[in-house]
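What follows is one structure encoded as structure tokens, with my remarks underneath.
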Amino acid sequence: MSDGQLPVSLLEARARSQSARQRLFGTLDEMQGRLNPVTLAQDAVENVAGRLVRDGVQAVRARPKAIAAAAGLAVLFMARKPLARLLWTGTKRATAAGAKSLKRSKKGSSK
């Protein structure tokens with residue numbers, strides 16, 4: 001029997017079968033794409049990053065002063081060496097200049 005001689009119900013069943021098979025293979029291709037380790041890792045990173053950003057924004061909105069203070073302390077901590085150099089160098093210069101101005105000159109002495 002050829003396709004032309006098959007009953008209509010059999011032709012419809014074959015068409016439905018082919019359609020279902022195509023849908024199945026399409027679903028399998030989609031699942032392979034989703035279950036790819038690289039895709040899974042990217043999705044996980046995106047989810048975690050999204051949560052961190054969302055939680056961070058909520059924390060800043062809840063306690064803006066505390067977050068600003070923490071950020072200021074972090075900046076001071078990271079810049080501690082340059083700030084210390086600036087303070088110590090400025091103190092040494094000021095001390096040296098002050099010591100020179102405090103010395104008595106022999107011309108104006110009362111001795």
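Predicted model only: the values in this text are computed from it and were never measured. Index from 1, following the sequence.
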To the nearest 0.5 Å, atom CZ of Arg14 lies from atom CZ of Arg21 at 10.0 Å

Should the heavy atoms of other residues, nucleotides or ligands under 6.0 Å from CZ of Arg80 be counted, would the total exceed 12? yes

If I compare all heavy atoms of Leu35 with all of Leu40, which pair ends up nearest, and what's the gap? O-CD1, 3.7 Å

Atom pair CG (Leu24) and OG (Ser19), whose distance is rounded to the nearest 0.5 Å: 11.0 Å

Under 3.5 Å side-chain donor-acceptor pair for Arg23 and Thr27: no

In Å, rounded to the nearest 0.5 Å, how long is the span from OG of Ser17 to CD of Gln22? 10.0 Å

Go through Gln32 and Asp29 one step at a time and tell me if the side-chain contact (heavy atoms from CB on, under 4.5 Å) criterion holds. CA-CA 5 Å; Gln32 280 181 333; Asp29 287 341; 3.9 Å; yes

Check whether any side-chain N or O of Thr39 sits under 3.5 Å from a backbone N or O of Arg34 as a donor-acceptor pair, and report yes or no. no

